[in-house]
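Here the structure is laid out as structure tokens; the discussion comes afterwards.
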Amino acid sequence: LTKNVVVIGAGIIGLCTALHVRQSGHRVTVVTRDQVGDGASAVNAGAIATAEILPMTGAATLMNAPKWLFDPLGPLHVRLRQLPSMTPWGLQFLKTAKPSRRAAAIDALSRLMAPAAADHQTLLREHGLTELLQQNGGLFVYKSAQARASDSAAWAARQARGIIAHEVDREEIQTREPAMGDAAHCGYFVPGWSHYRDPQELVISIAEIARKAGVVIEQGRVISIDRQDDKPSRIELDDGRAISFDDLVIAAGAWSGELSANLGDKCPLQSQRGYNTTLPRPGVDLNTFVTFSEDHFVASPMAMGLRIGGAVEFGGLDAEPNFERSRALLKLAGKYLPGLDTTGGTYGDGHRPSTPDDVPVIGRSPNHSNVYYGFGHGHLGLTYGPTTGRLIAEMIDGKPSIDLVPYRIDRF
Ligand SMILES: Cc1cc2nc3c(=O)[nH]c(=O)nc-3n(C[C@H](O)[C@H](O)[C@H](O)COP(=O)(O)OP(=O)(O)OC[C@H]3O[C@@H](n4cnc5c(N)ncnc54)[C@H](O)[C@@H]3O)c2cc1C
């Protein structure tokens, strides 16, 4: 049965979903407020982050959070005016620190991560985009043996889930990355890690492929979802247009919570804003994607230069960006990369759509059988994009290939 499917959002999640649903034979319209290629899906660090299966509620975060919260340039900051609206998210976040809830979240994230790299490979191979991906692995560095040891439980948990990670010492780090100074004492190398040379190019390419396959992409902001006999049946846009659908997919990133609430499906979603700088002439070459574990930032060698980024800021969706954060990360990066030229960079920021347990929402609305959700992918939306898109397409055809109960919107 061919359906008319509307997808709200043209980030990585919405576009991958649209492509998969179209490939299953349905008519698809994507509606997006911003231009394709704007926002989090284009500004990110580009990693298919295969080692990241642990939610943020680890012991280190809980211990360090009180100190970080009061440092506006620290790795995790809450803007004061955001505190009241963060309360439901914060309470759920604390609940998910409970060992049983945390173990369930790790299970859910691992199950989604297992096919992620292969789903990217299929997408890239099928559409001739393989040259966009750099498959050089990922390096995690620490400033001391003690610092690495304090993270050993996390690495053991990853390795127990089949993630391959080799210990490296300073000599091996500097052999792999001659630009790295002595601050990087030791670390891990993850051979299964890869990253895109330009995430914006990836998003724009998927949109082009989707268009050629027959997906219609409309620009406009969805302001309401109308119902007929209580069944959602059309969206209204801010320019007065209305588009009818059989099935609706909400993949509007950090803005999805407002749309799902309109349908009676509440989800404590928050933006964790991230920042970066892309340096066109960094003065140093990196061969791999590097995570600076204790300082909570990454360096990603891209086609446009070296992208240095990280930070988590809870400040809501309307606050002005604070690019002091980008500059603070550049300063930190200079400590590890002595030859780094930090001039001439372009600042970027994006809203990571974040659930309290770091597990995305992927599934059918409990209230409306023709509405599907694909949002809340937090720090890992690029990684999970093709897998989420495939799962939503499978659900629309009534046969999801994994149990989607752990990703339900009403789990909180
Ligand atoms: C600095 C930074 C670094 C990151 N690094 C990585 C990384 O290395 N690897 C990784 O896997 N992930 C990374 N992420 C996370 C990743 O970028 C996000 O999880 C992902 O982009 C979310 O994609 P999305 O499609 O859900 O949302 P978005 O990309 O935000 O797209 C949302 C879409 O919804 C549309 N929209 C919103 N509201 C409406 C409305 N009312 N009507 C119509 N359209 C609407 C917007 O226009 C947009 O098209 C990073 C994020 C940041 C900020």
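Predicted, not measured: the structure shown is a model, and the values here were computed from it. For the single chain, residues carry numbers from 1 onward in sequence order. Side-chain atoms are counted along with the backbone in the values below, which use heavy atoms only and exclude waters and symmetry mates. Atoms within each ligand, like the ligands themselves, are counted from 1 in listed order.
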Can you list the ligand 1 atoms lying under 4.0 Å from a non-hydrogen atom of [X]?
X      : result
Ala47  : 7 (C), 8 (O), 9 (N), 10 (C), 11 (O)
Val31  : 43 (C), 44 (N)
Val222 : 40 (C), 41 (N), 42 (N), 43 (C)
Ala45  : 3 (C), 4 (C), 5 (N), 6 (C), 8 (O)
Asp34  : 46 (C), 47 (O)
Ile8   : 42 (N), 43 (C), 44 (N)
Ile12  : 23 (O), 25 (O)
Ala252 : 32 (C), 34 (O), 36 (N), 37 (C), 38 (N)

Looking only at N/O atoms, are [X] and ligand 1 under 3.5 Å apart anywhere?
X      : answer
Ala10  : yes
Leu382 : yes
Ala40  : yes
Gly274 : no

Would you mind checking which non-hydrogen protein atom is closest to [atom], with the distance to 0.1 Å?
atom                    : answer
atom 31 (O) of ligand 1 : Gly11 CA, 3.5 Å
atom 27 (O) of ligand 1 : Gly253 CA, 3.4 Å
atom 53 (C) of ligand 1 : Gly350 O, 3.3 Å
atom 44 (N) of ligand 1 : Arg33 N, 3.0 Å
atom 24 (P) of ligand 1 : Ile13 CG1, 3.7 Å
atom 10 (C) of ligand 1 : His379 O, 3.3 Å
atom 16 (C) of ligand 1 : Gly381 N, 3.8 Å

> Less than 4.5 Å apart, any side-chain heavy atom of Ile396 and any of Val249?
Replying inline: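 Of all side-chain heavy-atom pairs linking Val249 with Ile396, at least one is under 4.5 Å.
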
> Do the side chains of Arg307 and His195 get nearer than 4.5 Å, heavy atoms only?
Replying inline: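 No, side chains not in contact.
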
> Hey, is Asp107 close enough to Arg161 for a salt bridge, meaning N to O under 4.0 Å?
Replying inline: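 Yes, Asp107 and Arg161 are salt-bridged.
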
> Does a side-chain N-to-carboxylate-O contact under 4.0 Å join Arg227 and Asp230?
Replying inline: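 Yes, charged N to carboxylate O under 4.0 Å.
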
> So, for Phe140 and Tyr188, is the gap between ring centers shorter than 6.0 Å?
Replying inline: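 Aromatic pair excluded; centres sit 6.0 Å or further apart.
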
> Closest approach of Leu306 and Val284, non-hydrogen atoms and distance?
Replying inline: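 Looking at all heavy atoms of both residues, the closest pair is CD2-CG2, 4.2 Å.
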
>> Is the ring pair His166/Phe189 parallel, tilted or perpendicular, if the boundaries are 30 and 60 degrees?
In response: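 Because their plane-to-plane angle is under 30°, the rings of His166 and Phe189 count as parallel.
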
> Aromatic rings Phe93 and Trp89: how do their planes relate, parallel, tilted or perpendicular, breaks at 30° and 60°?
Replying inline: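 Taking Trp89 first and then Phe93, their aromatic rings lie parallel (interplane angle under 30°).
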
> Out of Ser256, Ser326, Gly389, Ser41, who gets a non-hydrogen atom closest to atom 29 (O) of ligand 1?
Replying inline: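 Ranked by closest heavy atom to atom 29 (O) of ligand 1, first place is Ser41.
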
> Among Asn44, Thr32, Asn276, which one has a heavy atom closest to atom 6 (C) of ligand 1?
Replying inline: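 Comparing heavy atoms across Asn44, Thr32, Asn276, the nearest one to atom 6 (C) of ligand 1 lies in Asn44.
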
> Given Asp357, which of Arg411, Lys95, Arg102 fulfils the salt bridge (Lys or Arg N to Asp or Glu O under 4.0 Å) condition?
Replying inline: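 With Asp357 as partner, salt bridge (Lys or Arg N to Asp or Glu O under 4.0 Å) holds for just one option, Arg411.
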
> Which is it for Arg273 and ligand 1 at heavy atoms under 4.0 Å: side chain, backbone, both or neither?
Replying inline: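 It is neither part, as no heavy atom is under 4.0 Å.
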
> When you look for heavy atoms under 4.0 Å from ligand 1, do you find them on the side chain of Arg352, its backbone, both, or neither?
Replying inline: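 Within the 4.0 Å criterion, Arg352 contacts ligand 1 through side-chain atoms alone.
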
Would you say [X] touches ligand 1, if touching means a heavy atom closer than 4.0 Å?
X      : value
Gly378 : yes
Ala254 : no
Gly220 : yes
Gly39  : no

> Could you go step by step and tell me if Asp229 and Lys231 meet the salt bridge (Lys or Arg N to Asp or Glu O under 4.0 Å) rule?
Replying inline: CA-CA 5 Å; Asp229 300 330; Lys231 185 178 173 187; over 6 Å; no

> For Val141, which of Val168, Val290, Asp295 qualifies under side chain to side chain contact (heavy atoms under 4.5 Å, CB included)?
Replying inline: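 Among Val168, Val290, Asp295, the one meeting side chain to side chain contact (heavy atoms under 4.5 Å, CB included) with Val141 is Val290.
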
> Hey, does the side chain of Asn367 reach the backbone of Gly264 with a donor-acceptor pair shorter than 3.5 angstrom?
Replying inline: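 Yes, because the side chain of Asn367 sits within donor-acceptor range (under 3.5 Å) of the backbone of Gly264.
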
